[in-house]
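Just so you know, ligand 1 is whichever comes first in the structure, and atom 1 is the first atom listed for that ligand. The basis for the numbers below is simple: all heavy atoms, side chains too, and nothing from hydrogens, waters or symmetry mates.
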Amino acid sequence: MSGTETVHVALDARAYDVRIGRGLVAQAGAEIAPLLRRKRVAIVTDVHVAGLHLAPLRAALSEAGIVSEALILPPGEATKGWEQFTRSVEWLLEQKVERRDLVIALGGGVIGDLVGFAAAVLRRGVGFVQIPTSLLAQVDSSVGGKTGINTAQGKNLVGAFHQPALVLADIGLLDSLPRRDFLAGYGEVVKYGLLGDSAFFDWLEAHGPAMAAGDGAARQYAVRRSVEMKARIVERDETEEGDRALLNLGHTFCHALEKATDYSDRLLHGEGVAIGCALAFELSQRLGLCSQEAPSRVRAHLRTMGMKVDLADIPGDLPGAEALLALMGQDKKVLDGRLRFVLARGIGEAFLTADVPREAVLGLLSNALG
Ligand code: GLY
């Protein structure tokens, strides 16, 4: 089994390490102790994750002499709102968390985003450690400092950039993920190959099935390469003035599909990203930006992995092409009223554009709806 690897995110005073390896929760005390001023931490997690990973984490902290308290929130996307945010902030204050203490976010993207935002505003900013427990959180949401909650007006509309002090991505935790959740996270992994590293996409074509089947070395390599790519992009553009938007490949379509399915179990975020990537490549080909081979390879790989690829793979009815386009227009990545898309000149060659004719998107969606 490969040892722990480190990806450093070089952001001057906000720099930190992402540690990637098997067994990191069992070593959490030793990993976190050097960052603590006093040997106390507050952990926020959810019911599902707590049942699997909270006791081992607390035992590991205790071995290093670190006292911990834990708040266990309900699972699911609904947790990422004002109610549980207020509850978390008040609980952290009751625990007397001070500015130089650390809060631990133990969970998937919902917990990471919510707890990161609570840490960002608590006493005008306390440090936090991300221990991501889903593949999606390990390769995307735990790295880069985007934190926030959803409101009645939309997803992630209230939040802050607040970088963690450390990320512990324990590959072993992925063993307990249901296959559907694992594959949804894999949608974000594929995204990295598609947006900027064709050799990584080649590697995923060869090793993706073994990775999904549980190959630990393949999982570690895929997480490490994804995190490296994200780290380099975040270093160039921490607050998404430019290049960071490349991470939104497939997301404009995905957000419309998530809204159209009421953010329900019909479509997980990572599944929407995979379908969105396939649509973005198809659109790129229609606009003459890339050859037919590129979208064909994207689709073939997603199919081989047993993932959703087409709109028809989403159970239930979808609105028509015009309605989906209108939902895209509500995406927060709209600038000056124009839709911004991440398109591609080939696999690994994504770029941002605001020059997409409305008719091209409409035609693509009409055909995709069948
Ligand atoms: N998940 C996209 C980003 O972190 O920018």
Side-chain angles (χ1 to χ4, degrees), residues 7-11 14-16 18 20 77 80 105 107-117 119-120 128 130 132-150 154-164 167 169 181 184-197 222-259 263 267-277 280 328 331-335 340-344 350-352:
V7 176
H8 184 67
V9 186
L11 287 170
R14 296 175 309 292
Y16 56 97
V18 182
I20 302 158
E77 187 74 25
K80 207 176 124 176
V110 165
I111 289 293
D113 286 7
L114 172 93
V115 178
F117 185 39
F128 78 114
Q130 291 266 23
T133 57
S134 68
L135 179 58
L136 186 139
Q138 292 193 352
V139 299
D140 183 31
S141 58
S142 69
V143 180
K146 277 191 182 174
T147 73
I149 57 170
N150 307 326
K155 282 185 80 174
N156 297 323
L157 292 180
V158 174
F161 286 100
H162 186 53
Q163 300 292 343
V167 181
D181 290 335
Y186 187 81
E188 297 278 2
V189 175
V190 172
K191 180 193 79 177
Y192 287 107
L194 295 179
L195 76 88
D197 186 350
V223 173
R224 203 250 295 153
R225 182 70 197 119
S226 300
V227 169
E228 259 170 13
M229 290 188 68
K230 179 148 189 186
R232 299 297 86 85
I233 290 174
V234 168
E235 285 165 356
R236 290 204 296 277
D237 177 21
E238 184 179 4
T239 54
E240 200 169 317
E241 308 297 321
D243 267 12
R244 187 164 180 165
L246 293 175
L247 295 172
N248 297 326
L249 175 63
H251 282 63
T252 303
F253 290 109
C254 171
H255 290 157
L257 294 170
E258 284 185 293
K259 272 184 213 142
Y263 302 100
L267 185 72
L268 303 180
H269 175 73
E271 294 173 338
V273 170
I275 295 173
C277 285
M328 285 184 194
D331 192 281
K332 70 181 186 305
K333 272 109 197 155
V334 174
L335 204 62
R340 291 197 298 161
F341 271 95
V342 183
L343 296 179
F351 66 101
L352 193 64

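- Y263 and E77 are not linked by any side-chain donor-acceptor pair at a separation below 3.5 angstrom, with hydrogens and angles left out of the test.
- With a 4.5 Å cut-off on side-chain heavy atoms, D140 and K191 count as touching.
- Taking the six-membered ring for Trp and thresholds of 30 and 60 degrees, H162 and F128 have nearly parallel ring planes, at less than 30 degrees apart.
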Which N or O atoms of ligand 1 sit under 3.5 Å from a protein N or O, and how far apart is each pair?
| from | atom 1 | to | atom 2 | distance (Å) |
| --- | --- | --- | --- | --- |
| ligand 1 | 1 (N) | D140 | OD1 | 3.0 |
| ligand 1 | 1 (N) | D140 | OD2 | 3.1 |
| ligand 1 | 4 (O) | K230 | NZ | 2.6 |
| ligand 1 | 4 (O) | R244 | NH2 | 2.8 |
| ligand 1 | 5 (O) | K146 | NZ | 2.9 |
| ligand 1 | 5 (O) | R244 | NE | 2.7 |
| ligand 1 | 5 (O) | R244 | NH2 | 3.3 |

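- Partners of S226 according to the side chain to side chain contact (heavy atoms under 4.5 Å, CB included) rule, which considers only residues two or more places apart in sequence or in another chain, are V139, V189, Y192, F200.
- Checked against side chain to side chain donor-acceptor pair (under 3.5 Å), E235 has the following partners two or more places apart in sequence or in another chain: R232.
- Not counting sequence neighbours, the partners of Y186 by the ring pair (Phe, Tyr, Trp, His ring centres under 6.0 Å) test are H301.
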